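In what follows, every chain begins at residue 1, and chains take the letters A, B, ... in the order their sequences are listed. The structure displayed is predicted, hence computed values, not measured ones.
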2 protein chains.
Amino acid sequence: MIRGGFNLRIDLHDKGMRRAVTRVTIADVSDALGLTKSTVSRALNHYPDISETTRNRVKAMADKMGYRPLSHAQAIRTGLVKSLGLVIQMADHDAQRPFLAEFLAGLSEGASAEGFTLTIATSNSAAATVETFRNMIRDRKADGFILQRTMINDRRIALLRKERVPFVLFGRADQPDDCPSFDILGEVAMREAVLHLVSLGHRHIGFINGGTQYTYAPFRNAGFLRGMQDAGLPVDAACVSQDAVTVADGEAAATEMLSLPTPPTAIICAVDMAALGVYRAAAFAGLVVGEDISVIGYDGVPEGAHVSPPLSTFAVNFKEAGQRLSGLLIRRIRGAKSQDLQETAVPKFLNRGSTGPVLADPNTSIFTKGGNYEN
Amino acid sequence: MIRGGFNLRIDLHDKGMRRAVTRVTIADVSDALGLTKSTVSRALNHYPDISETTRNRVKAMADKMGYRPLSHAQAIRTGLVKSLGLVIQMADHDAQRPFLAEFLAGLSEGASAEGFTLTIATSNSAAATVETFRNMIRDRKADGFILQRTMINDRRIALLRKERVPFVLFGRADQPDDCPSFDILGEVAMREAVLHLVSLGHRHIGFINGGTQYTYAPFRNAGFLRGMQDAGLPVDAACVSQDAVTVADGEAAATEMLSLPTPPTAIICAVDMAALGVYRAAAFAGLVVGEDISVIGYDGVPEGAHVSPPLSTFAVNFKEAGQRLSGLLIRRIRGAKSQDLQETAVPKFLNRGSTGPVLADPNTSIFTKGGNYEN
DNA sequence: CCCCTTGCCGAAACCGGTTTCGGAACGAAC
DNA sequence: GTTCGTTCCGAAACCGGTTTCGGCAAGGGG
């Protein structure tokens, strides 16, 4: 147990010579106190068999000497590497890119607040993603994972559940399940979008939903329907489209709607990128967005602020999402129950230039409105 | 040395019961071969005192049993955690955000190809960034770091050099130094931009440079000057501006230039965001971009593709940059010399709609051109 | 035939922590 | 004054690797 000052002298001598000075180890702390490594370790890890006096002495000395345990040294015994894993799948549509920086900032903040780090990997396909997860689990690269873009029948969830590895969803599971999760209530936004348009006089509203493979799509769809129902408006099936995640998708869907005998006077998109496609379709049809046709998106992509008129949309706080997700995951890793780890938030409406009062035309004139009496 | 099948049986029995099955350890491999741990370890790590026969036997058995050394178990002895560090500073201007996903993809690919992972952290200020580096170094969270957005008098470089931690620059050091680095030759792009505009008849060309704190700024400035010189054109000091990194910056600089007695017929921006600001200034001045005034940017941000007309700019392959940077860093970690680790690439010009032939006006008429004879 | 290399591998220490186990010291109960 | 139960800490094993050191056996030279 006596290690003396010998090592220390050597270290100090080496200091200027070659490498950085040797770290303060747990043995250095225990020697300085006349205790053993095990006592120091247990004192620092809140074991109950250490007296409060000793614990305080140890803490003070560790602090004074600047002792910080090496996470990968602890990992070998505890099995925990104190790291959160994130696998980013480079989607064909690049909708997630603008969010990434903020999302990472939130995750990183939440992680480092608890002494965790963030380990990330990327992949090009769903198959590669699963393989990456498999590798990271095998090599214990992370104690748990954050899953963004939750999908219906998600293979990642199946794998992580099978391997009994903690994870948390950004989004909700397709089945009302026990997964820890944080989600933005897209259905609230979609309903709010409808009611906003209705308040501007719109009665014929189209809806372009996002990718059907994602769990958010049914929710946003339901929110749109709910809004229409609450407003007492009928839903025109020809004015509801699914699975638009790119500008091109949105343009195609909108072009179709605008060529209907009675085209909608407003279109709500579940995804901003699709909304930008609506801009193109409108321009092609000779319609001025914000005057001849109203458009509302969802996501708050930066491109939306630069188009003319600026896109009214719902801003999602991705930084907050990241923070809360890492917090949830860490609590999960530490043993909290899944059902206690489910949080939500609501997106914030950005009322910009792409919505305006409905124009009087044969389809939406006050005379037509009168027709509602028939219902 | 005899560990027998006992552990193994227990493991197999536990398999279905509780946790995932216990990993294959190096002891499992050595036992299966009738060798010792040390022999297996040295065989796998290319020690010269292991016969080729034994090495092959070990490799085959390790492969067959699916043995993969635990990186954090090796780390405790080797000091290497097999991870690359990246600290992302959330700048006030969000110019780097769109690139992030691709950049990370490149880094991740290059890293995982060599069995490394990517550990990232974020920060909100220069001071916080340095502090984050300090923490990550202290806790050995990474074996080396990638520094993006190289600055003049970069505090990160000073720290890493002092701590003798390997790093690689995305960009070039301000002094012709021995730092490992990968850089895109912005000066080549700026010169090319000038020559492209000259080929369209422009002779009065403005230049709005990027952030002066970054090392790229002097290079791009030099490229612009070189282009003007090669074209035999004089540089109007009033048409050269510095330190524009946001849309607002670009708008302000362009507004000033356009209000000159002899405004430029084309403006080159060292940063796309500033170029988008030029669009605004042009619109305010009643000028049509691509007709009344030509604009060229640099970066290839996605917003540039959505404005009207689409912004002509230089596309930077950030994925490739990430891949090469992680490759360089890994070679550096493995001991390669810095001077052997310096690579560059050239950006690719995207000729879109924001440039056009110069209009004949009093300032740029053929008569004025004749004035060059005086030079 | 002996000695000295050389090639090759085993034994054991080591890295920096954590965790189990046992026992000393002390006070309370009988 | 024993006995028993707590409280609290030391000793040692352990985690999964790496690295040093030493020694055995085969081969070559004298």
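- A donor and an acceptor atom sit less than 3.5 Å apart, one in the side chain of B/Asp49 and one in the base of C/dC9.
- When distances run from any side-chain atom of A/Thr54 to the nucleotides D/dC8, C/dG17, D/dT20, the shortest one goes to D/dC8.
- For the pair B/Asp139 CG and C/dG17 C1', the computed distance is 14 Å after rounding to whole Å.
- Side-chain contact check for B/Thr36 and B/Thr39: at least one donor-acceptor pair (N or O, by modelled atom type) lies under 3.5 Å.
- A/Arg57 places its CZ atom 13 Å from the C1' atom of D/dC8, with the value rounded to the nearest Å.
- Side-chain N/O atoms of A/Lys141 and B/Ser71 include a donor and acceptor closer than 3.5 Å.
- Relative to the side chain of A/Thr78, the nucleotides C/dT19, C/dC15, C/dG17 differ in distance, and C/dT19 lies closest.
- To the nearest angstrom, C1' of C/dA11 lies 15 Å from CD1 of B/Ile26.
- D/dT18 atom P lies 13 Å from atom NE2 of A/His72, rounded to whole Å.
- Side-chain contact annotation: B/Ser38 with B/Ser41, donor-acceptor N/O pair under 3.5 Å absent.
- Among B/Thr132, B/Asn124, B/Thr129, B/Thr122, the single residue meeting the side-chain hydrogen bond (donor to acceptor under 3.5 Å, both in side chains) criterion with B/Gln89 is B/Thr129.
- Side-chain proximity of A/Thr39 to the nucleotides D/dG10, C/dG17, D/dC21 is greatest for D/dG10.
- Set against C/dC8, C/dG10, C/dT19, the side chain of A/Arg42 has C/dT19 as its closest nucleotide.
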Exercise for review: Carefully, step by step, assess B/Glu114 and B/Arg331 under the rule salt bridge (Lys or Arg N to Asp or Glu O under 4.0 Å).
Suggested key: CA-CA 10 Å; B/Glu114 298 290 336; B/Arg331 276 154 59 193; over 6 Å; no

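- Across all strands, B/Ser38 comes closer than 4.0 Å to base atoms (heavy-atom distances).
- Between D/dG16 and B/Tyr67, no contact under 4.0 Å exists linking OP1 or OP2 to a side-chain N or O.
- Between the CG atom of B/Leu70 and the C1' atom of D/dC14 there is a distance of 15 Å, rounded to whole Å.
- Taking atom CG of residue B/Asp28 and atom P of nucleotide D/dG16, one finds them 9 Å apart after rounding to whole Å.
- Nucleotide D/dC8 holds its C1' atom 17 Å from the NE2 atom of A/His46, rounded to whole Å.
- Distance, B/Tyr47 OH to D/dT20 C1': 9 Å, rounded to whole Å.
- A/Ser51 comes within contact range of the sugar-phosphate backbone alone, with a heavy-atom separation under 4.0 Å but no base atom that close.
- Here D/dG17 is the nucleotide among D/dG17, C/dG10, D/dC8 with the atom lying nearest to any side-chain atom of B/Lys37.
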